[in-house]
2 protein chains.
Amino acid sequence: MKYPTLYQAFRKHIDLSPKAYLDLENRLIHKTLDKKEFLINEGQVIRYLPFIAKGLMVNYRLDGEGEKHVIQIRWAGLWLGDLYSFFSGAPTKFNIRAYQPTELLMINHETFDYITKKHPVYERFFRLSIQNAYIETLNQIFNLHSSSAEARYLELINNVPALLNDIPHYLIASYLSIKPQSLSRIRKKYK
Amino acid sequence: MKYPTLYQAFRKHIDLSPKAYLDLENRLIHKTLDKKEFLINEGQVIRYLPFIAKGLMVNYRLDGEGEKHVIQIRWAGLWLGDLYSFFSGAPTKFNIRAYQPTELLMINHETFDYITKKHPVYERFFRLSIQNAYIETLNQIFNLHSSSAEARYLELINNVPALLNDIPHYLIASYLSIKPQSLSRIRKKYK
DNA sequence: AGATTCCATTCACCTATGTTAATGGAATAA
DNA sequence: TTATTCCATTAACATAGGTGAATGGAATCT
């Protein structure tokens with residue numbers, strides 16, 4: 001078993017035999033990204049379901065003025081990507097980029113079809129994954145509605161204290177939906 | 001066929017024979033809600049997947065101060081509810097309420113299990129539905145990040161002009177994440 | 001019908017965050 | 001190493017949206 005983190009990620013949601021896991025593990029595509037390297041850009045079709053084995057990735061969209069808006073920040077142990085683009089074949093609207101040296105384990109369509117047919121428990125896993133991703137974004141909307149930027153900042157660094165050292169602050173500001181200057185202003189209050 | 005709207009909703013995503021559709025239609029639970037009647041409240045477990053045949057429903061969450069935050073507004077032809085609560089059995093954090101006389105067609109667990117086993121195409125439909133709901137919320141987050149309240153208002157009434165007559169303005173304000181006074185201020189500009 | 005509650009609107013004032021510009025240090029490139 | 005770009009921070013000023021209070025009309029209750 002080369003990637004116990006991945007096995008654990010599955011076991012959190014489904015009852016998966018080591019054998020069924022290894023059947024998948026042997027088919028994974030391993031990909032390494034340097035700091036600031038892109039996994040995918042707006043307009044491309046994503047052909048993989050990527051799991052972050054190590055590192056940190058940021059998912060942002062560009063608005064009409066070309067301004068970046070960070071929608072997701074994801075780290076080791078999590079999936080990311082654009083499920084819609086993967087399943088529908090439509091070009092993505094997202095830009096997904098590593099901000100630390102990152103290792104990905106990726107499932108392509110062929111492997112996805114194979115393992116969900118061979119081990120139906122994986123089908124359940126991916127349905128649960130989408131469901132969880134959906135719930136998480138609903139929470140994110142609720143937070144944007146109900147908490148101030150300051151409160152969102154405090155919650156974020158409380159949950160993921162390492163974040164401030166791992167990515168540029170302007171990306172954290174963008175994720176919080178404020179400008180870097182405002183983030184600085186908030187941070188000053190807590191020094 | 002009693003509910004062509006529902007059949008159309010399925011046909012938008014999957015290739016469904018009338019026979020397979022009728023097999024479901026006969027098992028639907030029909031529910032009528034009065035104006036302002038709740039479908040479900042925070043803390044309850046939702047036991048159905050509801051489709052809106054007629055009317056209009058609002059989904060909101062309460063924050064720590066007891067303030068309502070409207071997360072979704074949904075109308076005829078759409079599904080709603082809390083997929084997470086339905087599939088996991090966990091109590092919901094949402095309050096779902098009709099704001100017009102509403103008719104729902106609901107699928108319970110027994111029916112869900114039956115039709116997805118009998119007609120696997122339904123399985124695909126529900127995976128696509130979750131996926132679409134997920135994409136929609138990602139868009140909602142992007143809009144909250146990238147557009148002003150004024151721009152979000154203009155987009156909303158452009159997409160759903162009837163909304164202003166169908167629900168109280170304070171709910172629209174909440175959905176836009178502003179106060180009713182601010183909505184009035186914006187509306188004044190466009191008279 | 002009359003009383004009551006609810007709701008949209010307006011106004012004056014307030015606050016959080018945006019904007020523009022400047023600075024210096026850190027990271028990167030030559 | 002030096003030059004250059006990038007980034008976090010600060011400050012002064014600008015603005016979108018919040019707050020609290022008042023008003024009048026619509027809807028609901030008795």
Side-chain angles (χ1 to χ4, degrees), chain A residues 33-38 56 58 60 63-70 73 97-101 141 143-157 161-191, chain B residues 33-38 56 58 60 63-70 73 97-101 141 143-157 161-191:
Chain A
L33 292 171
D34 290 336
K35 216 171 175 165
K36 300 227 172 177
E37 194 175 344
F38 284 95
L56 192 146
V58 165
Y60 65 83
D63 68 20
E65 272 80 44
E67 188 113 356
K68 289 184 180 103
H69 297 274
V70 174
I73 301 175
R97 194 174 188 186
Y99 274 90
Q100 289 287 314
I141 292 173
N143 281 336
L144 285 168
H145 278 232
S146 62
S147 306
S148 66
E150 186 170 329
R152 295 199 306 277
Y153 168 72
L154 293 174
E155 196 192 329
L156 183 65
I157 58 161
L163 210 56
L164 286 165
N165 305 314
D166 289 352
I167 57 173
H169 290 186
Y170 67 87
L171 292 175
I172 295 176
S174 172
Y175 178 72
L176 294 170
S177 200
I178 55 177
K179 301 286 154 181
Q181 295 93 318
S182 299
L183 179 55
S184 273
R185 183 155 38 196
I186 290 169
R187 282 164 50 69
K188 187 154 69 157
K189 276 183 67 175
Y190 295 94
K191 275 198 309 206
Chain B
L33 291 171
D34 289 337
K35 216 172 181 168
K36 301 230 172 178
E37 193 176 345
F38 283 96
L56 193 147
V58 164
Y60 65 84
D63 68 18
E65 273 80 46
E67 190 112 354
K68 288 185 180 105
H69 296 275
V70 174
I73 301 174
R97 193 174 187 184
Y99 274 90
Q100 289 285 318
I141 292 173
N143 281 336
L144 285 169
H145 278 232
S146 62
S147 305
S148 65
E150 184 170 331
R152 296 199 306 277
Y153 168 73
L154 291 174
E155 196 193 329
L156 182 66
I157 59 162
L163 210 55
L164 285 164
N165 305 314
D166 288 353
I167 56 173
H169 290 187
Y170 68 87
L171 292 175
I172 295 175
S174 172
Y175 178 74
L176 294 170
S177 199
I178 56 176
K179 302 286 153 181
Q181 294 95 318
S182 300
L183 180 55
S184 274
R185 182 154 40 194
I186 291 169
R187 281 166 50 71
K188 186 153 68 157
K189 274 183 70 174
Y190 295 94
K191 276 197 306 205

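Computed over heavy atoms, backbone and side chain alike; hydrogens, waters and symmetry mates excluded. This one's a predicted model, so the numbers in the text were calculated from it and none came from an experiment.
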Problem - Among D:dA8, C:dT10, D:dA11, the one nearest B:Lys188 by side-chain distance - result: C:dT10
Problem - Side chain to side chain, B:Arg152 and B:Leu156, heavy atoms closer than 4.5 Å - result: no
Practice task
Mind calculating the distance between CG (A:Leu144) and P (C:dA16) to the nearest angstrom?
Solution key: 18 Å
Handout entry: Any donor-acceptor N or O pair under 3.5 Å, side chains A:Tyr170, A:Gln181
Key = no
Handout entry: Separation between CD1 of B:Ile178 and CD1 of B:Ile186, rounded to the nearest 0.5 Å
Key = 4.0 Å
Problem - Phosphate OP1/OP2 of C:dT9: any B:His169 side-chain N/O under 4.0 Å - result: yes
Completion exercise
Regarding the side chain of A:Tyr170, the nearest nucleotide among D:dC7, C:dA8, D:dT9 is D:dC7
Problem - For atom NZ of B:Lys189 and atom C1' of D:dT15, their distance in whole Å - result: 12 Å
Practice task
For B:Arg187 and C:dC11, give me the distance from atom CZ to atom C1', rounded to whole Å.
Solution key: 18 Å
Handout entry: Shortest non-hydrogen separation from A:Val70 to A:Tyr60 and the atoms involved
Key = CA-CB, 3.8 Å
Fill in the blank from the handout: On a heavy-atom basis, the closest approach of B:Ala98 and B:Asp34 is CB-O, 3.7 Å
Fill in the blank from the handout: Between CD1 of B:Ile167 and P of C:dC7 the distance, given in whole Å, is 12 Å
Problem - Terminal helix-axis angle for the helix from C:dA1-D:dT30 to C:dA30-D:dT1, with five pairs defining each axis and rounding to 10 degrees - result: 50°
Practice task
Without swapping roles, check the side chain of B:Gln100 against the backbone of B:Asp166 for a donor-acceptor pair under 3.5 Å.
Solution key: yes
Practice task
Output yes when a side-chain donor or acceptor of B:Arg97 lies under 3.5 Å from a complementary backbone atom of B:Glu37, and no otherwise.
Solution key: no
Exercise for the section: Would you sort out whether A:Asp63 and A:Lys68 count as a side-chain contact (heavy atoms from CB on, under 4.5 Å), showing the intermediate values? Expected result: CA-CA 7 Å; A:Asp63 68 20; A:Lys68 289 184 180 103; over 6 Å; no
Exercise for the section: May I have the distance from A:His69 (atom NE2) to C:dG18 (atom P), rounded to whole angstrom? Expected result: 11 Å
Completion exercise
In B/S/- notation (B base, S sugar-phosphate only, - none; protein heavy atoms under 4.0 Å), nucleotides 17-26 of chain D written 5' to 3' is BBBBB-----
Practice task
May I have the distance from B:Lys68 (atom NZ) to C:dC6 (atom C1'), rounded to whole angstrom?
Solution key: 12 Å
Practice task
Check whether any side-chain N or O of A:Lys36 sits under 4.0 Å from OP1 or OP2 of C:dT28, and answer yes or no.
Solution key: no
Exercise for the section: Can you tell me the distance, in whole Å, between the NZ atom of B:Lys191 and the C1' atom of C:dT9? Expected result: 8 Å
Problem - Salt bridge present between A:Lys179 and A:Glu67 (N-O < 4.0 angstrom) - result: yes
Exercise for the section: To the nearest Å, give me how far apart CG (A:Leu183) and C1' (C:dT19) are. Expected result: 16 Å
